[in-house]
S.K.: 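First the structure, then my questions, so here it is.
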Amino acid sequence: MLFLLAAALAVAGCERKVDTIAQPDSSNATASIGQPFKDRRVTNPFPQATQLRLFVEVGYTETGKPILSKAKGVQLNATQRKAFEESLVIIAAPEEESACFMPHHFFRYYDARGKEVGDVAVCFCCYGVGASGSKALEPPDGAMLSADYQSVKALVAALGEPTDVLCD
């Protein structure tokens, strides 16, 4: 589903590089009228998750299926998970947003039974973040999900994975 959304957005073209494709939540729009949004860190977006794995797409088959650098991904330890989650932030949305979000780095969360409970997708080509499965990652009206990209890049590199893939 995220792949289809990303592909549809890519077709729209890129005018300006910004942080995410996350849609604003209009349910609390009246509470924020006249008040500037204050950036806030995301904390423990998937409390039910017992495991976090990084998957990196490094290419595609002839039929368009993603090729992963490691089929089972790379498991993050507790310290790495905390560092990743501390890099996530919800910020004020810019006036214009880009449509070139094509992530190749997927941080997938799993519960104790091994069932995926959500993910955070990061695009180092346009510096965008998208997420699913957690209310904590849904930005309010006038805001968007973002990250400290240098910290995430350093973490990905420390995990032995590439950061600049398929950005041509």
Side-chain angles (χ1 to χ4, degrees), residues 1-10 14 17-23 39-91 97-139 143-168:
M1 177 78 158
L2 186 59
F3 175 76
L4 293 175
L5 178 59
L9 288 172
C14 298
K17 295 179 179 183
V18 295
D19 288 302
T20 187
I21 61 166
Q23 298 298 312
D39 294 358
R40 68 176 165 85
R41 294 275 171 206
V42 175
T43 57
N44 199 17
F46 297 95
Q48 74 279 32
T50 58
Q51 188 178 123
L52 174 59
R53 292 184 159 296
L54 168 63
F55 293 86
V56 180
E57 291 180 355
V58 293
Y60 299 96
T61 65
E62 289 180 12
T63 60
K65 183 179 176 185
I67 300 169
L68 302 174
S69 65
K70 294 179 176 72
K72 293 182 181 182
V74 178
Q75 185 170 341
L76 281 71
N77 64 34
T79 302
Q80 293 163 331
R81 176 178 173 166
K82 183 177 181 192
F84 172 68
E85 291 174 352
E86 286 178 349
S87 77
L88 300 175
V89 63
I90 295 179
I91 62 170
E97 290 189 50
S98 172
C100 57
F101 183 71
M102 293 290 294
H104 302 294
H105 294 77
F106 301 90
F107 292 85
R108 295 186 176 138
Y109 289 81
Y110 298 88
D111 65 16
R113 295 178 297 163
K115 179 183 175 201
E116 186 176 333
V117 294
D119 75 343
V120 177
V122 178
C123 179
F124 290 116
C125 302
C126 70
Y127 292 98
V129 178
S132 64
S134 173
K135 292 282 186 190
L137 297 172
E138 293 178 11
M144 63 193 304
L145 181 61
S146 185
D148 175 342
Y149 294 102
Q150 293 309 315
S151 295
V152 178
K153 271 190 169 188
L155 175 62
V156 170
L159 292 168
E161 291 290 340
T163 55
D164 298 322
V165 292
L166 304 173
C167 289
D168 300 328

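Just so we're clear, the structure is a prediction, and the values are computed from it rather than from any experiment. Just the heavy atoms: all of them, side chains too, but no hydrogens, waters or symmetry mates, feed the values below.
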S.K.: Mind checking the NZ-CG spacing from Lys153 to Asp164? Nearest 0.5 Å is all I need.
M.R.: 4.5 Å
S.K.: Taking the side chain as everything from C-beta on, heavy atoms only, tell me whether Leu54 gets closer than 4.5 Å to Phe84.
M.R.: no
S.K.: For the residue pair Asp119 and Phe106, what are the closest heavy atoms and their distance?
M.R.: OD2-CD2, 4.1 Å
S.K.: Test your reading of the model: is there a side-chain donor-acceptor pair from Arg40 to the backbone of Ile90, 3.5 Å cut-off?
M.R.: no
S.K.: Output yes when a side-chain donor or acceptor of Gln80 lies under 3.5 Å from a complementary backbone atom of Asn77, and no otherwise.
M.R.: yes
S.K.: If only atom types and distance count, is the side chain of Ser146 paired as donor or acceptor with the main-chain N or O of Ile91 below 3.5 Å?
M.R.: no
S.K.: Taking C-beta and beyond as the side chain, do Val42 and Leu145 meet within less than 4.5 Å on heavy atoms?
M.R.: yes
S.K.: Is there a side-chain contact between Pro45 and Glu85 in this structure, where contact means two heavy atoms from C-beta onward sitting under 4.5 Å apart?
M.R.: yes
S.K.: Please give me the minimum heavy-atom distance between Glu57 and Val165, naming the atom from each residue.
M.R.: O-CG2, 3.5 Å
S.K.: If every non-hydrogen atom of Val152 is compared with every non-hydrogen atom of Ala147, which pair is closest and at what distance?
M.R.: CG2-CB, 4.2 Å
S.K.: For Arg113 and Thr50, run side chain to side chain contact (heavy atoms under 4.5 Å, CB included): C-alpha distance rounded to whole Å, both residues' side-chain angles, the deciding distance at 0.1 Å, then the answer.
M.R.: CA-CA 9 Å; Arg113 295 178 297 163; Thr50 58; over 6 Å; no
S.K.: Going from SG on Cys123 to NE2 on His105, what distance comes out if it is rounded to the nearest 0.5 angstrom?
M.R.: 9.0 Å
S.K.: Does Tyr109 reach the main-chain N or O of Ala49 with its side chain, forming a donor-acceptor pair under 3.5 Å?
M.R.: no
S.K.: Got a second to check how far Thr163's OG1 is from Leu155's CG, nearest 0.5 Å?
M.R.: 11.5 Å
S.K.: Which atoms form the tightest heavy-atom contact between Leu137 and Ala131, and what is the distance?
M.R.: CD1-CB, 3.6 Å
S.K.: Distance from Lys70 atom NZ to Phe55 atom CZ, nearest 0.5 Å?
M.R.: 11.5 Å
S.K.: Roughly how far, to the nearest 0.5 Å, is CD of Glu116 from CD of Gln51?
M.R.: 11.0 Å
S.K.: Side chains of Val156 and Val122, heavy atoms from C-beta outward: is any pair under 4.5 Å?
M.R.: no
S.K.: Restricting to non-hydrogen atoms, name the atom on Leu68 and the atom on Val58 that form the minimum distance, rounded to 0.1 Å.
M.R.: C-CG2, 4.1 Å
S.K.: About how many Å separate CZ of Phe124 and CG of Leu166, when rounded to the nearest 0.5 Å?
M.R.: 13.0 Å
